[in-house]
Amino acid sequence: MADEASFRADPSIGEPVVTEAEIRERIAALGREITADYAGRAPLLVGVLKGAFVFMADLARAIDLAVEVDFMAVSSYGAATKTSGVVRIVKDLDLDLTDRDVLIVEDIIDSGLTLQYLRRNLMARGPASLEVCALLVRQGQQKEADLGLRYVGFTIPPDFVIGYGLDVGERYRNLPDVRSFTPPA
Ligand code: IMP
Ligand code: MG
């Protein structure tokens with residue numbers, strides 16, 4: 001069978017770590033919280049490509065304010081599987097951040113090194129405020145408080161995950177839930 005047709009049947013794909021229903025409910029709550037926190041303002045949502053594209057689409061629609069959206073893409077130097085902390089901007093923002101209320105929208109925070117770099121980089125552009133909304137935070141790495149994560153969807157176990165924007169080798173971003181992924185030994 002063509003692997004395009006059977007991609008959901010890959011035995012490496014585990015059970016949902018976060019279900020569609022859980023994602024839907026949590027995003028609705030985050031949307032209400034952000035709507036209240038930014039009342040009267042027009043926050044600029046900055047999505048980090050590619051992983052955050054699905055979350056961004058749902059989160060933006062859960063916020064009842066005149067939000068604007070922009071995207072940037074970063075890639076970390078060094079080994080493919082471990083974040084080195086040295087980050088390169090592959091696609092920069094189109095919009096000016098001066099005096100804007102900027103909300104970084106991330107898929108998952110692992111070591112937090114990518115986020116640390118992004119924070120520093122975006123802060124230097126003179127926003128009125130800079131906060132972070134991450135769908136997932138991997139347990140046992142950095143503390144939420146250390147990273148200054150204002151909004152978090154779910155804290156998840158250490159396993160590698162795919163789906164809802166997250167990939168392995170660019171695949172599975174279109175799965176509607178977040179699932180563990182264990183490649184064959
Ligand atoms: P950090 O710099 O270690 O926090 O790495 C965060 C980035 O690594 C995320 O934005 C993802 O792009 C990627 N990443 C980390 N964990 C996973 C995972 O379990 N699945 C897919 N991508 C991941
Ligand atoms: Mg990412």
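Predicted model only: the values in this text are computed from it and were never measured. As a basis for the values below, the full set of heavy atoms in this structure was taken, side chains included, without hydrogen atoms, waters or symmetry mates. Residue numbers count from 1 along this sequence. Whatever order the structure lists them in is the order used to number ligands and atoms, beginning at 1.
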Between Asp70 and Leu44, does the side chain to side chain contact (heavy atoms under 4.5 Å, CB included) criterion hold? Intermediate values first, please.
CA-CA 7 Å; Asp70 203 350; Leu44 172 57; 4.2 Å; yes
Please determine if [X] has a nitrogen or oxygen closer than 3.5 Å to a nitrogen or oxygen of ligand 1.
X	answer
Val161	yes
Asp167	no
Ser111	yes

4.0 Å heavy-atom contact, Gly112 with ligand 1:
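Yes; Gly112 lies near enough to ligand 1 that a heavy-atom distance drops under 4.0 Å.
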Yes or no: does Ile162 have any heavy atom under 4.0 Å from an atom of ligand 1?
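Outside the 4.0 Å threshold, so no.
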[X] versus [Y], closest heavy-atom pair with distance:
X	Y	result
Tyr38	Ser129	CE2-OG, 4.5 Å
Pro176	Tyr164	O-CD1, 3.7 Å
Arg150	Glu131	CB-OE1, 3.3 Å

Quick one: which of Tyr117, Tyr172, Phe160 has a heavy atom closest to atom 18 (C) of ligand 1?
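Looking at heavy atoms only, Phe160 sits closest to atom 18 (C) of ligand 1.
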Would you mind running through ligand 1 and noting each atom that sits below 4.0 Å from a heavy atom of Ile108?
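Answer, ordered by atom number: 6 (C), 9 (C), 10 (O), 11 (C), 14 (N), 15 (C), 16 (N), 17 (C), 23 (C).
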Using a strict cut-off of less than 4.0 Å between a Lys/Arg side-chain nitrogen and an Asp/Glu carboxylate oxygen, indicate whether Asp10 and Arg179 qualify as a salt bridge.
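No salt bridge links Asp10 with Arg179.
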